[in-house]
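One structure is given below, encoded as structure tokens.
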Amino acid sequence: MIRAASTQDEGRAAATERLGPDAAGIATAAGILAAGGLVAFPTETVYGLGADAASPAAVAALYAAKGRPSFNPLITHVATLSAARREGLLDAGAETLAGAFWPGPLTLVVPAAAGSGVSELARAGLTTVGLRVPSHPLALALLAAVGRPVVAPSANRSGHVSPTTAAHVATDLDGRIDAILDGGATPIGIESTIVACLDGGVRLLRHGGVPLDALERVLGRPLATSGGGPADRPIAPGALASHYAPATPVRLDATSIRPGEAALLFGPDPLPGIDEAVLVLNLSPSGDPTEAAANLFGFLRRLDAAAATAIAVAPIPIRGLGAAIDDRLRRAAAERP
Ligand code: TXA
Ligand code: MG
């Protein structure tokens, strides 16, 4: 089992166990988590890398396995709304959103409850906590079996695109984590929407699986989306520029394909030069943003492997999940630090 002490720097575990999506797999995964180990598991958004939220040693091992800067706070996953209320203080806005969208692809950032078991390391020292009740049946079964909060960032090496299959997880983390619970491809394919409910306000921190207009319909008012933390620093560090980055440069809003490029299309229209492309993948030939979100990260991985000079991305309309897709692509295209 991977422990904090053995995963400082490049810690390599002997082998990462593959677990099937059945009662035995869930029981084994729960046992590993309860003992302080690291297990990747599917949620409806992307695969998460789970660790016991209350154990600083397990959380430290998780940061090490991902190679993630430790100032980035983690989302705490619980099986029920009442379990969430033990970890965080949900105000009226948070209760409304939780009632409408949990279980589901929404994370609420709220003040941490006095008795919260989420370790300070998992919260990166903040007085707030990010909470989510996922809707994937395997995730819910696992959380119920563990019986305590589980932190789970996306199960990729820090800076890589999020994994939507067990094979993606293995590519990034094989030998660095204890087990992968394989539940097939994740249905939504893009991370949860993050909303902060603090000081009576409701603010969008990250576009994701719940579209903005769905949130606004439930709240009955527009959501603040600009600004954020002190000095306008983003308070969801996932909102930092280059974050979801393939190694190949990404060229957005392409209206034609240049020689040597790979192409990421959306909708029925081809682009000039497409016949010369190294590889062409279409997120949704019918122009459906939900289908496109499910394909996004897997396609970025395949295009990245195509040895192209750049990945040219056709314009993608900002409707429904299009806003979240656009956000991830802009970060993939951002200057690398
Ligand atoms: O869909 C998802 O949200 C997936 C699945 C596995 O649940 N998880 C995920 O986690 O995307 P991660 O660690 O890749 O992104 C978590 C984001 C980060 O941008 C982090 O900064 C933000 O959540 N976050 C967590 N707690 C926060 C807090 N207390 N205040 C502000 N941002 C917070
Ligand atoms: Mg991530």
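Predicted model, so just to flag it, every value in this text is computed and none were measured. One-based numbering, in listed order, for ligands and for the atoms of each. All values below were derived from every heavy atom in this structure, side-chain atoms included, with hydrogens, water molecules and symmetry-related copies excluded.
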### Task
Taking only heavy atoms of Ile194 into account, list the atoms of ligand 1 that are under 4.0 Å away from them.
17 (C), 22 (C), 23 (O)

### Check: Thr45 N/O within less than 3.5 Å of ligand 1 N/O
yes

### Query
In chain order, what residues pass the salt bridge (Lys or Arg N to Asp or Glu O under 4.0 Å) check against Arg86, with sequence neighbours excluded?
none

### Query
Closer than 2.8 Å to the Mg ion (ligand 2), do we get an N, O or S atom from Ser158, backbone or side chain?
no

### Query
So is there a nitrogen or oxygen of Tyr47 less than 3.5 Å from a nitrogen or oxygen in ligand 1?
no

#### Entry: Whether over 12 other heavy atoms sit under 6.0 Å from Glu276 CD
no

### Query
Does a salt bridge link Arg132 with Glu44, judged by any charged N lying under 4.0 Å from a carboxylate O?
yes

### Task
Pull out every atom of ligand 1 sitting under 4.0 Å from any heavy atom of Ser154, numbered as shown with elements.
8 (N), 9 (C), 10 (O), 12 (P), 14 (O)

### Query
Under 4.5 Å between side-chain heavy atoms, hopping through other hydrophobics if needed: is there a path connecting Leu264 to Ile318?
no

### Task
Report yes or no: does a heavy atom of Arg123 sit under 4.0 Å from some atom of ligand 1?
no

### Message
Out of all atoms in ligand 1, which are within 4.0 Å of some heavy atom of Ala152? Include the element for each.
### Response
6 (C), 8 (N), 10 (O)

#### Entry: For Glu191, the ligand 1 atoms whose distance to one of its heavy atoms is below 4.0 Å
1 (O), 2 (C), 11 (O)

### Short side-chain to backbone donor-acceptor contact, Thr186 and Thr45, under 3.5 Å
yes

### Message
With a 4.0 Å cut-off on N to O distance, would you call Asp327 and Arg206 a salt bridge?
### Response
no

### Task
Identify, by atom number and element, the atoms of ligand 1 in contact range of Leu74, meaning under 4.0 Å from any of its heavy atoms.
25 (C), 26 (N)

### Message
Could you tell me, atom by atom, which parts of ligand 1 come under 4.0 Å of a heavy atom of Leu126?
### Response
28 (C), 29 (N), 30 (N)

### Message
Could you work out, for atom 33 (C) of ligand 1, the closest of Gly48, Ala122, Gly130, Pro73 by heavy-atom distance?
### Response
Pro73

### Query
Do Asp288 side-chain atoms and Thr290 backbone N/O form a donor-acceptor pair below 3.5 Å?
yes

### Query
What atoms in ligand 1 come closer than 4.0 Å to a heavy atom of Pro153?
10 (O), 12 (P), 13 (O)

### Query
Taking both backbone and side-chain atoms of Thr128, is any N or O found less than 3.5 Å from an N or O belonging to ligand 1?
yes

### Query
Which residues satisfy the salt bridge (Lys or Arg N to Asp or Glu O under 4.0 Å) test with Asp253, sequence neighbours excluded?
Arg330

### Query
Is the closest N or O pair between His77 and ligand 1 shorter than 3.5 Å?
yes

### Query
Counting heavy atoms only, which of Thr186, Val109, Val46 is nearest atom 4 (C) of ligand 1?
Val46

### Query
Do the side-chain N and O atoms of Asp172 and His160 include a donor-acceptor pair separated by under 3.5 angstrom?
yes

### Task
Output yes when Arg251 and Glu261 qualify as a salt bridge under the 4.0 Å nitrogen-oxygen rule, no when they do not.
yes

